[in-house]
Novice: 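Pasting in a structure now, in structure tokens, and then I'll have a few things to ask.
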Amino acid sequence: MLDGKRMDTNLPEDHISIIPAGASFTGWLNRPVDSACLYFTPSALTAAAGEEATVAAKSEIRPVLGVQSPTLCRLVRALHSDTVLGHPYGKGLGESIFVSMAALLVNDGRIVSQKLYREGIGDRRIRRTLDYIHAHLDQEIDVCSIAAAATTSPYHLSRTFRSALGCSIWQYVSRNRVQLATGLMKDSVLTLAQVASMSGFESYSTFAATFKADRGVSPARFRSGL
């Protein structure tokens with residue numbers, strides 16, 4: 001149970017969970033697992049993020065359970081190894097690992113989401129719609145599920161959404177999935193196929209076409225400029 005919502009995961013390797021300060025968490029394990037628990041203060045995270053601090057300042061950390069993040073897990077293992085060995089290369093190595101972890105966290109739209117998307121939206125159903133979309137961008141979603149979360153009908157939601165935001169629900173979803181992908185691309189270990197899957201796209205071809213239509217360049221060309 002995470003922040004009042006029941007969630008299930010089989011805790012596969014290279015997956016992480018995020019529990020922000022103030023969120024409640026109760027969990028049960030049905031098998032032994034190797035895990036690590038790290039605590040980040042907002043000031044330390046912002047300071048370590050450096051030039052990414054403006055991203056963190058305009059965003060909020062969401063509670064998530066079991067999201068794939070192989071590079072972040074690799075860094076956690078490196079931090080653990082450095083600690084067990086007694087920091088043989090000095091504390092600088094641990095600090096550099098932490099800086100890398102902070103940059104990955106603030107650029108991962110599955111974990112850190114923009115605060116601004118609700119601003120200026122008076123209709124509670126549209127706000128619920130936006131909350132649901134941003135909480136499920138990396139998952140398969142459909143109009144019926146979105147409408148159920150907004151407690152309205154798919155037909156009525158489609159009309160009111162376009163009136164409020166000037167685009168269709170799927171245009172909004174696609175645009176924000178592309179934005180999520182641009183953050184994940186900064187993790188150089190991830191392949192573009194992995195980025196596509198982790199951003200909620202059903203296939204790489206769909207991702208590539210949507211990305212180019214939104215950004216004007218292919219995902220590979222965009223990544224080469226990062």
Novice: Can a donor-acceptor pair be found between the side chains of Ser163 and Thr160 at a distance below 3.5 Å?
Specialist: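 On atom types as modelled, these side chains do not qualify, holding no pair under 3.5 Å.
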Novice: First locate atom CZ of Phe161, then atom OG of Ser168, and finally report the distance between them rounded to the nearest 0.5 Å.
Specialist: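 If we round to the nearest 0.5 Å, Phe161:CZ and Ser168:OG are 7.5 Å apart.
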Novice: Any sub-3.5 Å donor-acceptor pair from Thr129's side-chain atoms to Ala150's backbone N or O?
Specialist: no
Novice: Is the backbone N or O of Phe222 less than 3.5 Å from a side-chain atom of Arg215, with the two atoms forming a donor-acceptor pair by type?
Specialist: no
Novice: Give a yes or no on whether the backbone of Ala193 and the side-chain of Ser197 come within a donor-acceptor separation of less than 3.5 Å.
Specialist: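 No: the side chain of Ser197 does not pair with the backbone of Ala193.
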Novice: Without hydrogens or angle criteria, can the side chains of Arg125 and Thr151 be said to hold a donor-acceptor pair below 3.5 Å?
Specialist: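 Absent: no donor and acceptor within the cut-off.
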Novice: Between Lys91 and Asp82, does at least one N-O distance fall below 4.0 Å, as a salt bridge requires?
Specialist: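 Looking at Lys91 and Asp82, the cut-off is not met.
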Novice: Return yes if some donor-acceptor pair links the side-chain N/O of His136 with the main-chain N/O of Tyr132 below 3.5 Å, else return no.
Specialist: yes
Novice: Between Tyr172 and His134, is the ring-ring contact (aromatic ring centres under 6.0 Å, His included) condition met? List the steps.
Specialist: CA-CA 10 Å; Tyr172 184 87; His134 282 269; 5.6 Å; yes
Novice: Show the nearest heavy-atom pair for residues Met198 and Leu180, with the distance to one decimal.
Specialist: O-CD2, 4.0 Å
Novice: Indicate yes or no for a side-chain donor-acceptor contact from Ser199 to the backbone of Val195 under 3.5 Å, with no hydrogens or angles considered.
Specialist: yes
Novice: Determine whether more than 12 heavy atoms belonging to other residues, nucleotides or ligands lie under 6.0 Å from atom CZ of Arg77.
Specialist: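 It does: Arg77 CZ has more than 12 such atoms within range.
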Novice: Compare all side-chain heavy atoms of Met101 with those of Leu38 and state whether any distance is below 4.5 angstrom.
Specialist: yes
Novice: How about CG on Asp142, more than 12 heavy atoms from neighbouring residues, nucleotides or ligands closer than 6.0 Å, or not?
Specialist: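 Yes, because the 6.0 Å sphere around CG of Asp142 holds more than 12 heavy atoms from other groups.
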Novice: Please determine whether residues Leu192 and Val189 belong to a single hydrophobic cluster, defined as Ile, Leu, Val, Met, Phe, Trp and Tyr linked transitively by side-chain heavy-atom distances below 4.5 Å.
Specialist: no
Novice: Yes or no on side chain to side chain contact (heavy atoms under 4.5 Å, CB included) for Phe201 and Val178, after CA distance, side-chain angles and deciding distance?
Specialist: CA-CA 9 Å; Phe201 290 96; Val178 167; 4.1 Å; yes
Novice: Does a donor on one side chain sit under 3.5 Å from an acceptor on the other, for Gln139 and Arg110?
Specialist: no
Novice: Please tell me whether Tyr89 and Phe98 are part of a single hydrophobic cluster in this structure, the criterion being side-chain heavy atoms less than 4.5 Å apart.
Specialist: yes
Novice: Under 3.5 Å, is there a donor-acceptor pair between the side chain of Arg223 and the main chain of Met185?
Specialist: yes
Novice: Please check: side-chain N/O of His80 versus main-chain N/O of Ala78, any donor-acceptor pairing under 3.5 Å?
Specialist: no
Novice: Say whether, by atom type as modelled, one donor and one acceptor occur between the side chain of Thr182 and the main chain of Gln179 under 3.5 angstrom.
Specialist: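 Side chain of Thr182 to backbone of Gln179: a pair is present.
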Novice: Mind checking the CZ-CD1 spacing from Arg128 to Ile121? Nearest 0.5 Å is all I need.
Specialist: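 CD1 of Ile121 is found 14.0 Å from CZ of Arg128.
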Novice: Look up atom CD in Glu202 and atom OG1 in Thr210, then write down how far apart they are to the nearest 0.5 Å.
Specialist: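 Reported value, rounded in 0.5 Å steps: 9.0 Å.
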Novice: For Gly122, is there any backbone N or O sitting under 3.5 Å from a side-chain donor or acceptor partner on Arg127?
Specialist: yes
Novice: Begin from the C-alpha positions of Asp108 and Val106 and carry the test side chain to side chain contact (heavy atoms under 4.5 Å, CB included) through to its verdict.
Specialist: CA-CA 6 Å; Asp108 193 330; Val106 300; over 6 Å; no
Novice: Please determine whether side chain to side chain contact (heavy atoms under 4.5 Å, CB included) holds for the pair Leu72 and Asp187, giving the CA-CA distance in whole Å, both sets of side-chain angles, and the decisive distance to 0.1 Å.
Specialist: CA-CA 9 Å; Leu72 194 56; Asp187 183 346; over 6 Å; no
